[in-house]
Colleague: 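Sharing a structure below in structure tokens format, with a few things to ask.
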Amino acid sequence: MVSSDRCRGRGSSRFLVGVAVSALAMAGSPPLAIGQQPPQSRAGVIASGTTLVNGVVYDSIAARPRSAVQVELVTADNTAGGRIYSAVSDSVGRFTIRDVPYGRYIAGFFDVALDTLGFESAPHLVTLASPSQRVDLATPSMGTLIALVCAPRAAGDSSGLLVGHVRDTEGRAPIAGAGVVVEWRDIELAGSGLRHRDRSVSARTGAAGWFAVCGIPPDATLQVRAGQGADSSGHVEVDVPAASLRHVGFQVGGATRIVVPFGAAVPGAKGETTVTWRGRGRLSGVVRDARGQPLAGAHALVWGTGITATTNEGGTFVLDGLPGGTQTLDVSGIGHVPTRAIVELAESRPAAVDVRLERMPTMLEAVTIRDRAISSRQLVEFERRRRAGIGTFVTPAALEKNRHRRLSDVLRAVPGVMLEDDRGRTRVQMRGAGTLVDPAFCTPSLYIDRAHDTMGDFDQIRVDEIVAVEVYSRPAERPFEFVDQRNACGAVVVWTRIRSRSPGR
């Protein structure tokens with residue numbers, strides 16, 4: 001069993017503290033319960049002899065055999081100091097253990113991947129009383145793992161499970177009592193349109209730094225962070241598939257919360273203030289293009305800091321004064337698909353990354369549209385405006401290479417668009433109708449399939465819902481059908497695959 005608020009201590013045999021496993025004792029007899037006596041011979045005692053034990057280790061989560069895991073049989077009469085017989089599974093999950101004396105054994109295997117999730121195994125007894133016997137082992141199914149941590153689910157429940165560990169940045173020791181916050185945004189039908197509602201849940205780590213969060217909505221994009229006291233990691237973006245499990249680890253330590261003017265990274269921006277983080281972390285890196293050549297002029301940003309750098313002719317950059325702990329790095333370049341990476345920062349350990357950006361196609365290429373695509377008339381309008389040379393156009397081919405991200409990720413590579421991270425949420429900015437001295441940065445209007453989306457949430461729209469995007473970074477560039485008299489700013493026009501999508505009004 002696994003508890004979300006504590007982790008049990010380790011036992012003397014490794015597989016006993018590895019994962020919860022299911023051993024299927026063959027030869028027609030079920031596993032024995034603890035205390036139950038093994039089958040006896042006609043003389044009333046177990047016959048002497050040895051068994052050749054073979055079987056397969058199966059990964060129930062991935063639905064395939066599990067290779068390179070340590071299988072163990074421990075004598076059941078003295079678990080603390082009993083003899084261990086072991087073997088390692090081969091490339092197709094098979095294992096063989098020879099010359100195992102007849103008797104009762106606890107069977108299982110050690111799995112590093114699931115051990116990091118905090119799962120323990122329950123004792124599972126098998127009896128060996130024949131020259132050859134098969135014992136198959138399996139990891140728990142996804143549903144079983146979720147049920148071990150969360151309450152039993154109703155039929156059809158597709159919610160997921162998020163688990164992980166929180167450790168200290170410098171010593172990497174587990175942190176007990178750390179807080180973990182999970183945030184996401186739901187879309188609800190409200191009146192004549194859609195309404196966005198922010199959601200969040202929290203959890204605390206147990207003695208071994210382990211946490212679990214149940215009831216994660218299916219296919220939601222989560223913003224997750226961990227903290228202890230006034231210190232916090234950065235936000236990390238996590239997707240949990242429906243009825244599935246995802247593991248994420250955090251380091252916390254070396255981050256200081258400060259308040260700065262909003263737009264500090266954008267010259268000329270005025271007005272609001274925002275919370276950001278500083279520290280003594282240092283991150284260096286090199287950015288390359290698809291051919292592996294250094295890419296000059298690319299931009300690197302650590303979420304929640306406002307600290308940015310531009311690569312030099314050698315494609316290198318350096319970011320100083322960064323908060324310690326787990327952080328998210330965004331790298332983008334004009335004409336390239338932006339990328340994102342998780343980095344671990346510490347004052348005592350400067351970090352380094354090597355990033356490669358794929359080229360973003362500029363021509364409208366032939367593409368097979370899945371699901372219900374936008375009409376051919378709309379695609380013709382998109383192509384007509386693209387050929388006119390006014391605005392920036394993101395084609396279906398470019399979106400295909402970026403399809404598991406969000407609209408805001410695509411906009412990072414568009415000239416004239418500036419993005420700032422505010423606690424994991426993206427603010428999209430364009431130059432307004434001001435002067436060069438006071439450019440009056442503003443948020444563009446968002447249109448989805450011609451309809452004006454007043455919510456303007458550029459993080460909520462996933463690229464796999466989109467077939468094409470038009471960006472007009474200056475007010476004068478906007479086609480007449482996308483002019484918003486209430487917003488003297490540019491516009492972002494999104495064409496979706498699903499015609500039934502209806503933005504809020």
Side-chain angles (χ1 to χ4, degrees), residues 237 262-272 274 287 295 297-304 306-311 328-340 357-362 382 385-386 389-395 398-399 401-403 405-422 424-434 436 438-448 452-453 455-463 466 468-479 482-484 487-495:
E237 188 176 87
F262 170 67
V266 182
K270 300 179 180 179
E272 303 178 56
T274 186
V287 181
L295 181 64
H299 297 280
L301 164 70
V302 172
W303 280 17
I307 299 176
T308 64
T310 303
T311 57
T328 298
L329 171 71
D330 265 344
V331 180
S332 61
I334 294 176
H336 291 78
V337 179
T339 190
R340 183 167 296 160
L357 297 182
E358 297 293 329
R359 187 73 185 175
M360 182 178 289
T362 57
F382 173 90
R385 288 191 288 266
R386 189 187 71 82
I390 301 176
T392 301
F393 297 81
V394 185
T395 66
L399 291 169
K401 294 187 176 183
N402 207 34
R403 62 174 312 203
R405 295 191 179 278
R406 303 170 299 177
L407 174 61
S408 57
D409 296 315
V410 174
L411 296 178
R412 290 182 189 277
V414 175
V417 179
M418 293 160 289
L419 281 77
E420 277 208 354
D421 173 69
D422 181 11
R425 305 294 184 189
T426 303
R427 296 191 185 190
V428 177
Q429 297 277 282
M430 293 180 176
R431 189 181 297 275
L436 290 176
D438 185 5
F441 289 93
C442 55
T443 300
S445 299
L446 175 62
Y447 293 84
I448 302 178
H452 185 200
D453 186 344
M455 292 294 181
D457 190 339
F458 296 88
D459 279 339
Q460 183 61 44
I461 303 172
R462 298 186 63 85
V463 174
I466 304 172
V469 180
E470 304 174 36
V471 181
Y472 302 97
S473 58
R474 297 183 181 181
E477 293 180 347
R478 297 172 300 182
F482 303 123
V483 173
D484 181 4
N487 186 12
C489 198
V492 176
V493 181
V494 175
W495 302 108

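As a basis for the values below, the full set of heavy atoms in this structure was taken, side chains included, without hydrogen atoms, waters or symmetry mates. Everything numeric in this text was worked out from a predicted model, so none of it was measured.
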Colleague: Provide the closest heavy-atom pair for P444 versus A491 in the form atom of the first, atom of the second, distance.
Modeller: CB-N, 4.0 Å
Colleague: To the nearest 0.5 Å, how far apart are CG in L446 and NE2 in H452?
Modeller: 7.0 Å
Colleague: Just by modelled atom types, is the T339 backbone N or O under 3.5 Å from a matching donor or acceptor in the R412 side chain?
Modeller: no
Colleague: Mind telling me whether F482 and W495 have parallel, tilted or perpendicular rings, with 30° and 60° as the class edges?
Modeller: perpendicular
Colleague: Side chain of T443, backbone of Q429: donor and acceptor closer than 3.5 Å?
Modeller: no
Colleague: What verdict does the side-chain contact (heavy atoms from CB on, under 4.5 Å) test give for V428 and L411, after you've listed the backbone C-alpha separation in whole Å, the side-chain angles of each residue and the deciding distance to 0.1 Å?
Modeller: CA-CA 8 Å; V428 177; L411 296 178; 4.2 Å; yes
Colleague: Using every non-hydrogen atom in the two residues, find where L329 and A300 come nearest and quote the distance to one decimal.
Modeller: CD1-CB, 4.1 Å
Colleague: Can you tell me how far CE of M418 sits from OG of S473, rounded to the nearest 0.5 angstrom?
Modeller: 9.0 Å
Colleague: Can you see which heavy atom on L407 is nearest to which on F458, and at what distance?
Modeller: CB-O, 3.4 Å
Colleague: Which heavy atom of L419 sits nearest to which heavy atom of S408, and what is that distance?
Modeller: CD2-O, 3.2 Å
Colleague: Step by step, work out the side-chain contact (heavy atoms from CB on, under 4.5 Å) result for V494 and I466.
Modeller: CA-CA 7 Å; V494 175; I466 304 172; 3.8 Å; yes
Colleague: What are the two closest heavy atoms between M430 and V492, and how far apart are they?
Modeller: CE-CG2, 3.9 Å
Colleague: Identify the two heavy atoms, one from A298 and one from V287, that lie closest to each other, and give their separation to 0.1 Å.
Modeller: CB-CG1, 4.0 Å
Colleague: Please evaluate residues R340 and W303 with respect to the criterion side-chain contact (heavy atoms from CB on, under 4.5 Å), reporting the C-alpha separation (whole Å), side-chain torsions for both, the decisive distance (0.1 Å), and the verdict.
Modeller: CA-CA 10 Å; R340 183 167 296 160; W303 280 17; 3.3 Å; yes
